[in-house]
Amino acid sequence: MRVILLQLLAVAARQVGGLGAARALGRARASSRPLMREAELPRAAADRDNDSGSELDAQPLLDAQLLPELPPPGDPSWRTQALLPALLAVFVHNQWSRSLLYYTCEFGLSANDPAAARQLMNVELGFGTEAYGFLAAIPFTLVFAPLSLLAGGAADASNRARLTWLSLLGWSAATAWQGSARSIEEVAASRALQGLCQAFTTPAAFTLLADATPQARRGTVNSAYSTGVYIGGGLAALSILLDRAVGWRSTLHVSAAVGVLLAAAVAVSIEDMREEARAAELVPERAPAKPRLDVRALARSQMASLGRTWQAVAERPAVQLLLASCALRFCAGFAIAVWVGPWGREAFPDRQTDFGLTKAAISALGGGFSAIAGGVLSDILGERDASRRLYLPVAGSLGAAVCWGMMMDAQSFEWAMGWLLLQYLFAECWFGAAIATLQGQLPKEVQGGAQGAFSTLTVFGNLAPLLIGQASQHMPLADVLHATVPALYLGSAAAFALTCRALGEAAPKLDAETDRRSE
């Protein structure tokens with residue numbers, strides 16, 4: 001009877017694909033086997049490492065029978081259902097606050113205009129396009145990228161729910177500091193603090209979602225989460241209206257205040273099911289004593305996590321190609337994110353309000369729709385062959401290259417915005433497919449570190465807006481964007497195609513190795 005019940009729950013989890021069904025399955029499996037004691041964990045981990053190349057490695061920790069999931073006190077359904085919306089809201093604020101710089105700067109205006117100084121950061125603080133390219137790309141990324149690797153280890157080893165809302169409080173404080181900045185140096189320092197705090201967001205979020213989502217549904221869920229990029233970017237573009245009403249300083253302070261309120265809401269609405277299971281399993285009879293902070297042990301743990309992640313990636317050439325493809329795709333995305341705001345305000349000086357509203361709608365609706373639809377399609381394509389997920393970023397990058405070129409050649413505001421919408425619809429279907437492929441190719445115990453490595457690709461991606469800022473000193477910004485963005489999209493399409501081929505060639509070898517082990 002118990003076996004039949006487990007099979008029924010498994011079918012329900014696959015069909016519904018919801019977080020609640022997956023957690024119900026985890027609890028039923030936990031109740032059907034004896035609890036694993038602390039002394040058995042190293043041996044279980046070693047057994048799991050010996051089979052690190054199989055698809056089972058990508059399954060949640062609870063499904064690997066290391067820790068049972070125990071239901072929290074009371075009805076857990078509201079917390080389960082709140083997980084994705086809460087993480088999405090945090091990610092939206094993440095993108096909104098980091099992107100406000102892009103929409104509070106415009107070049108070519110007089111520094112003696114009081115209205116311009118009130119609305120534009122670069123006018124009041126006195127910097128040009130070269131300094132803007134530096135502020136937008138370097139201070140944030142130099143901190144964000146290396147810390148993302150450590151953040152991946154932190155996500156593998158600590159309470160990810162607490163990590164999420166504490167990070168949100170930190171970058172909200174940095175946003176408030178940026179709104180009070182009196183010099184370029186203060187803006188740079190506040191951007192660096194934003195990078196420090198935001199580095200911990202996505203590794204924690206993606207691993208929380210992976211633990212709570214069946215493998216077959218991860219492309220859809222990851223894509224739903226990734227819509228935060230477009231909604232947050234849309235809010236930043238829409239903030240042009242707030243900027244015109246209250247000024248750039250108050251716009252940043254409003255964003256910071258929203259972040260503090262959101263952190264309070266998230267702190268009471270999400271939980272880390274892995275930490276609950278660890279506490280209940282490892283010390284079932286009494287509450288654990290609060291450990292003292294051991295900095296050396298923490299450093300050793302982080303280095304060990306980095307080592308495991310590096311080894312897992314080094315053993316998989318297809319994963320290396322995937323990360324290189326994503327790096328090129330980040331270049332195109334960051335080039336647009338940083339420079340489309342200044343370009344639009346310069347190209348359509350009499351329609352800035354229209355540009356802000358239209359760009360916000362395109363980013364939130366067009367980009368969000370593309371991301372979700374891409375996730376659903378990637379799950380359908382990946383049912384029989386995981387490498388087929390990457391058909392989407394190949395086709396999307398090719399279409400985006402064409403649409404961006406057409407937008408830059410458009411002779412009217414309406415046609416330019418129409419091509420920009422098509423560009424978003426083509427371009428933004430890639431994220432869920434790429435993340436789901438990465439998660440499916442790596443063992444469970446290094447996925448937090450791998451997500452951190454994925455985030456470090458922003459170092460490479462942010463080189464593009466920096467170089468565009470340098471080039472715009474010698475030629476018109478529109479000409480630079482016309483040449484560079486399509487080239488970056490075409491490069492990413494070629495790299496994703498090579499990755500797809502490598503994954504297809506690796507699949508038979510993996511199947512043969514799995515069959516050999518089963519014998």
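For the numbers below, each heavy atom of this structure counts, side chains included, while hydrogens, waters and symmetry mates do not. Every value quoted in this text rests on a predicted model; they were computed, and no experiment measured them.
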Quiz item: In terms of heavy-atom contacts, does CZ of Phe426 have more than 12 from other residues, nucleotides or ligands at under 6.0 Å?
Solution: no
Practice problem: Might you work through the side chain to side chain contact (heavy atoms under 4.5 Å, CB included) test for Tyr424 and Leu420, ending with a clear yes or no? | Solution: CA-CA 6 Å; Tyr424 265 84; Leu420 182 62; 3.8 Å; yes
Quiz item: Are any side-chain N or O atoms of Ser255 and backbone N or O atoms of Leu252, one a donor and one an acceptor, separated by less than 3.5 Å?
Solution: no
Quiz item: Okay, side chain of Glu428, backbone of Gly368: is any donor-acceptor separation there less than 3.5 Å?
Solution: no
Quiz item: Has Arg98 got its NZ or CZ under 6.0 Å from the middle of the six-membered ring of Phe144, at an angle within 45 degrees of the ring axis?
Solution: yes
Practice problem: I would like to know whether Ser167 and Gln198 meet side chain to side chain donor-acceptor pair (under 3.5 Å); could you show each step before the answer? | Solution: CA-CA 6 Å; Ser167 299; Gln198 292 187 2; over 6 Å; no
Quiz item: Is there side-chain contact between Gln439 and Asn222, with at least one heavy-atom pair below 4.5 Å?
Solution: yes
Quiz item: If you round to the nearest 0.5 Å, how far is CG of Leu196 from CG of Leu147?
Solution: 5.0 Å
Quiz item: Pairs in or reaching into residues 362-380: which pass side-chain hydrogen bond (donor to acceptor under 3.5 Å, both in side chains), with residues at least two apart or in two chains?
Solution: Thr220-Asp379, Ser378-Arg389, Asp379-Arg389
Self-check item: Any donor-acceptor pair under 3.5 Å from Arg329 side chain to Ala427 backbone
Solution: yes
Practice problem: Verify the ring-centre separation between Tyr132 and Trp339: is it less than 6.0 angstrom? | Solution: yes
Quiz item: Is the centre of the Phe330 ring less than 6.0 Å from the centre of the Trp430 ring?
Solution: yes
Quiz item: Under 3.5 Å, side chain of Ser492 to main-chain N/O of Ser325, donor-acceptor pair present?
Solution: no
Practice problem: Without swapping roles, check the side chain of Asp272 against the backbone of Arg160 for a donor-acceptor pair under 3.5 Å. | Solution: yes
Practice problem: For the residue pair Phe454 and Phe431, categorise the inter-ring angle as parallel (less than 30°), tilted (30 to 60°) or perpendicular (more than 60°). | Solution: perpendicular
